Amino acid sequence: MKKKILASAAVSLSVAMLLGACGGASGSKSVEDAKDQTLTVWAMQGDYTNETLDAINKEFTKRTGAKVKVQTQQWNNITTKVTTALSTATPPDVIDMGNTQVMGFASSGGLMDLTSHASELHGGSKWLSGLEEPATVDGKLYGVPAFGAARAVIYSKKIWKDAGIEKAPTTWDEFTADLDTIATKHASDPDFIPFYLPGQYWYSALQFVWDAGGDLAKKDGDTWKGTTSSEKSIEGLKAWKDFQNKYSNKASQTATEVDPVQDQFLAQGKAAAYLGNSSAIPQIKKIDSSITDDDLGTFALPGRLGKNQPSLVAGSDWAVAVKSQHQDLAVKWLKIASSEEIQQKWVFGHDGWLPNSVQGLDKAMKSSDFKQVNTGFFEAAKISKSTPASPQWATIEGDKSINELVEGIATGNTSVENAAKTFDQHVEQVLNKK
Amino acid sequence: MRTPSQRPSNVKAPPRRLDAGRPNKKLSQGRFAAMLLTPTGVILLALVLVPILFLIVTSFTDFNQASLFTGTFKFKGFAQYVVALKDIEFWKALLRTFIFTAALVIGSLLIGMAVAQMMTKLGTVMRYIVTFVLIFAWAMPNVASSVVWKWLFQPGYGIVNWMLTKLHVFGNMLNVAWSNNTTLAFLCIWMLVIWQAVPYIAITLYAATTQLDQSCLEAAQIDGAGHIRTYWQIVVPLIKPSIMVIAMLSIIWDFNVFNQIWLVSQGGPNGTTSTIGVFTYKKAFVNFDIAQGAAISVITVIILMALTGVYVRNLLKSGEDL
Amino acid sequence: MSETMNVVSRAHVKSGAAMTGAHRRFGWRRCGTNVIALIFCVVWIFPVYWMTVTAFKPRNEIMTTTPAFIPKHWSLVNFYSAIMQTSFLQNLENSVIVTFSAIIISVFLAFLACAALTLYRFRGRRVIMVLILAMQMLPGTALLIPQFIVFNQMGLLNRYIGLILAYIAMVLPFSIWNMRGFFLAIPVDIFESARVEGASEWQILRKITFPLVAPGVVSTSVFAFITAWNDYLTAYTFMRDQAKYTLPVWLSSFTTPAGTDFGGQMAASVLFSLPVVVFFMIVQRNIAKGSTAGAVK
């Protein structure tokens, strides 16, 4: 208690000085008119399109009479941005968050507990577990799934056809045989890449680890144990390394999926295929406007043991700030955003994302709007897993130690075993904090 | 530019203050001086000194993300300092900062001196062109120059990558991601900072050189001293006061380089281009381990203050009157 | 082109014939220096050139594997999208308000403080100077942490006043230290005679001191301007709404996970840098003059 007094003394001391210094510069806040409330929504760049947000907002205003202010945020350093926003007295009300981010903010007390509204928000459907699980801490719900995305192989139909391959592969052996055929066909072109796979693209490595039956970490009672150096995980990492080294180019070994933007290699005909999520399709078409949906194909990455590789469901959740001054309105907004109508017509139909529920997924695949080019993403989403369910996980992604792990493996700078061991130590240190 | 204060160090400043004889006048002048100082004093006290005290308090707590949201935190004694001092990454970042600062200061000074000397040998037109070019590089806000750099060195499309590939010396550099390799990332950032640091140094030193007594130089030339020898033995000692001031400023500026590193490499790959500033920022505002960040800052401040102490002592010794 | 070359070489031949050996050597050396200077200029201006050229290229000419040094088609589309499709004007306004408020306040305060610290002798003066020097050495992130927490408590985040105060704290110590040199260069007897003629201290400050240190005020303003106008970190950390961002933060927002809009970003860089370059061109003579005046004293 004493400490708080000391600290607040320091604060008030400086308050007094600042006020003395700048003569009442801090003005008083006007009281908001209760009837004319505005809900502030933070949307992430590239998630929902403006049209989808407009559709939600229109419905919201119709039902409640309140207005909505949407602010689009950039992904760059978003954790910093959201944390600083949540710590102010007037934070944004509804925030779009990557599914792996929710847990961290929830467990440090920044988000509103939505458990009491859970059934109302579900509306009878079963949300994708890869989106709901990370939004649940100690059995309490802190986020509402906004949409899902799963990674699948995106390939250029033309290049595959030119190599004499008509059908998308369904097994690992078919898949690698196809890549070999393509590689042989382009053997004379040193710049050609059969399968572009950046060395820091840890999502892809994770799929291989899961496929081999391994995982990054396991919770044992109250403590986390790193399992990246387990036999199975090592096997998966080695398979990933072999695949990366064999089918991607040397420069890619140190690259991330955004630097250089991996979509460009396929768009320019330099690569025959790569692993990406559904937002990649419009990106490719943006880079080269002559490419259409018919030129592209997708399929779930086949596992080496029969089934497709489990994919990491990416996606976003909507969360409400604990300090929000419009929590009731925010919950109403969430309800509309996760409703079946919005999810089908807009989130899936217009934006091309996976709907947030299992029912929605089925319905979307059967609908007439379903584009063939999206098949792979939906198939991949059927077998999905998520990263270790610890609030501290975000630190691992934030400090890039996981990029370090896979980059070291891809380049061969460290042995798979050593890299995995170092990573395990770091994971245990981070996840078991407090 | 604070060059005016660069008096040759051996010349003692004449007594120049207005301590006039009459005591009542002295009193009123003292009061007047106090009045002039008050606003600055209040501002610096409130915006610098109090925050530093607050920083010290924070460094003894466990202030983190949850504290920001809920306002609660506990006192932890010296725990944060123990963690920081035991953290090998902290020491690496500190060492890296000193080496990088040295590389920047030495590089920019040498190139700046060379450019200044070159300017003295040019005709009016060419000198104007050089000045014009220098001002462009100097005036670019460093956030803009950093994004331009990213574009110049962009894997796949970067013009520098393309030119290096065309040289056929380094092999195919087209898809090299500079920011993903420690050495290349540092090289890239070094060039960026140097590019913008040289203009100020060159222009200031050029000005200092042109003010020198030409007869001295001519005498040396007649004595048959070569250009390079003349420069190092005659010109450099004469413009040494300017060089010292610039060196001091460069050390302060280069030690605090942040934007360029943050925007070009984000301190990566794997934190290997994190200087102490980037390292602290990441701790405090990416991982939101604010108390840890505070402890690191306090340690850094103590180190810097020790260095400043040495500098101030040297200033006083050399006759500079503070 | 070839005509110019001819003229140049003819001039050389002519002068070469007329000159003595020593002079001829000097001529060649001069020519060599000019070549080096030219190479230097090309290298040094290239980033600026490439930024500008990229900004004027249409979208499909930017991302090409073989770069074009001159755009095939000149286009303003990047400028259009940088200005119209972003919050450029709003962010520009923010930058101008915040930067200029901070400069005006800190330079004014620095002027008063320097007058006190250099023209009058009083107890504790030296301690204050050392303190100010120490503050100037503080790393930026050290201040950012406590300022963030304190400003948050006081509700100053996401507001101009918070950023202005942070910038004042950032530039004031250096401004004082910088301006001090110009004060020291004033010959002291001026004040004495003014005082004998019965001028008050305020009058002396306004009518005598200020004009004499005017170059110092300009030079200090330039440095304060560079620091505040360039700041990315504080603005990014303190300002929450896009509408409150300053230009550096706006400029970095062209980078998204889906890649960077380089055309837009380069156009934005041109827009962001242009006023500063023009400003520098205007004041650079002042800066150089000010610094040389003191350097030879």
Side-chain angles (χ1 to χ4, degrees), chain B residues 1-7 16-19 29-30 32-33 36-37 39-40 47-48 51 54-55 118 121-122 126 129-130 133 135-137 139-144 147-148 151 157 159 162 203-204 207-208 211 242 256 258-259 277 280-281 284 290 293-294 297 300-301 304-305 308 312 322, chain C residues 33-34 37 41 44-45 47-48 50-51 63 67 109 112-113 115-116 119-122 126 129-130 134-135 137 139-143 145-147 165 169 178 181-182 184-185 188 191 201 219 229-230 232-233 248 251 262 265 269 272-273 276-277 280-281 284 287-288 291-292 294-297:
Chain B
M1 232 156 297
R2 42 170 296 221
T3 13
S5 63
Q6 25 185 101
R7 274 160 295 150
R16 56 189 323 286
R17 289 190 168 80
L18 311 171
D19 34 9
Q29 281 187 11
F32 188 68
L36 295 179
L37 261 180
T40 300
L47 292 176
V48 182
F54 196 81
L55 180 80
M118 179 184 85
K121 302 267 185 280
L122 294 173
M126 199 61 208
I129 298 174
V130 172
V133 165
I135 287 177
F136 254 104
M140 282 268 285
N142 61 31
V143 176
V147 300
V148 169
W151 171 229
Y157 303 107
I159 181 87
W162 181 83
I203 290 174
T204 312
Q211 302 288 325
S242 304
N256 280 317
F258 183 94
N259 286 355
T280 315
Y281 183 79
I290 294 176
S297 298
T300 320
V301 169
L304 281 179
M305 286 308 123
T308 314
V312 171
L322 280 177
Chain C
T33 318
N34 274 323
C41 287
W44 231 253
I45 203 72
V48 177
W50 195 241
M51 164 183 83
M63 297 282 216
L109 291 179
L112 297 185
L119 306 181
Y120 304 94
R121 190 173 281 282
F122 53 92
R126 187 175 276 195
M129 272 325 287
V130 171
M135 285 180 188
M137 301 285 221
T141 37
L143 271 183
I145 297 171
Q147 279 182 347
L165 288 175
N178 185 39
F182 290 87
L184 290 177
V188 81
F191 299 105
E201 297 298 323
S219 145
W229 185 257
N230 273 343
Y232 164 81
L233 200 56
L251 187 57
F262 284 109
Q265 196 174 44
S269 300
F272 182 35
S273 311
V276 193
V277 173
F280 264 61
M281 293 287 173
Q284 70 95 7
I287 307 171
S291 56
T292 52
V296 284
K297 193 175 129 12

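This one's a predicted model, so the numbers in the text were calculated from it and none came from an experiment. The sequence lines fix the lettering, A, B, ..., with proteins before strands; numbering per chain opens at 1.
- Nearest heavy atoms, Ala142(C) versus Val301(B): CB-CG2, 4.0 Å.
- For chain C, the nearby part of Trp162(B) is the side chain; its heavy atoms alone come within less than 4.5 Å.
- For a residue to count as touching a neighbouring chain, one of its non-hydrogen atoms must lie under 4.5 Å from one of that chain's; by this rule Met118(B) touches chain C with backbone and side chain alike.
- For the atom pair CZ (Phe136(B)) and CH2 (Trp44(C)), the distance works out to 16.0 Å, reported to the nearest 0.5 Å.
- The aromatic rings of Tyr120(C) and Phe32(B) sit perpendicular, their planes meeting at an angle over 60°, well past the 30° parallel limit.
- Put simply, of Val277(C), Leu251(C), Asn230(C), the one with the most heavy-atom pairs under 4.5 Å next to chain B is Asn230(C).
- The shortest non-hydrogen separation linking Ala284(B) to Ile145(C) is CB-CD1, 3.6 Å.
- Only the side chain of Phe262(C) comes within contact range of chain B, with at least one heavy atom under 4.5 Å from a heavy atom of that chain.
- Trp50(C) contributes atom CH2, which lies 3.5 Å from atom CD1 of Ile159(B) (distance to the nearest 0.5 angstrom).
- Minimum interatomic distance between Ala169(C) and Val48(B) (heavy atoms only, all atoms of both residues): CB-CG2, 3.9 Å.
- Counting all heavy atoms, side chain and backbone alike, Ala116(C) lies closest to Leu37(B) at CB-CG, 3.7 Å.
- Looking at every heavy atom in both residues, Ala134(C) comes nearest to Met305(B) through O-CE, 3.2 Å.
- A distance of 4.5 Å separates CG of Leu233(C) from CZ of Phe258(B), quoted to the nearest 0.5 Å.
- Distance alone, capped at 3.5 Å, places no donor-acceptor pair between the Asn34(C) side chain and the Met126(B) backbone.
- Leu47(B) CG to Leu165(C) CG: the interatomic distance, rounded to the nearest 0.5 Å, is 5.0 Å.
- Between chain C and the options Asn256(B), Leu304(B), Val147(B), Ile129(B), heavy-atom pairs under 4.5 Å are most frequent for Val147(B).
- For the options Asn142(B), Val130(B), Thr300(B), Ile290(B), heavy-atom pairs under 4.5 Å to chain C are most numerous at Asn142(B).
- For the set Pro141(B), Ala33(B), Ser297(B), Ala137(B), the entry with the most heavy-atom pairs within less than 4.5 Å of chain C is Pro141(B).
- Side chain of Ser273(C) to main chain of Met140(B): no donor-acceptor pair is present (N/O by atom type, distance under 3.5 Å, no hydrogens or angles).
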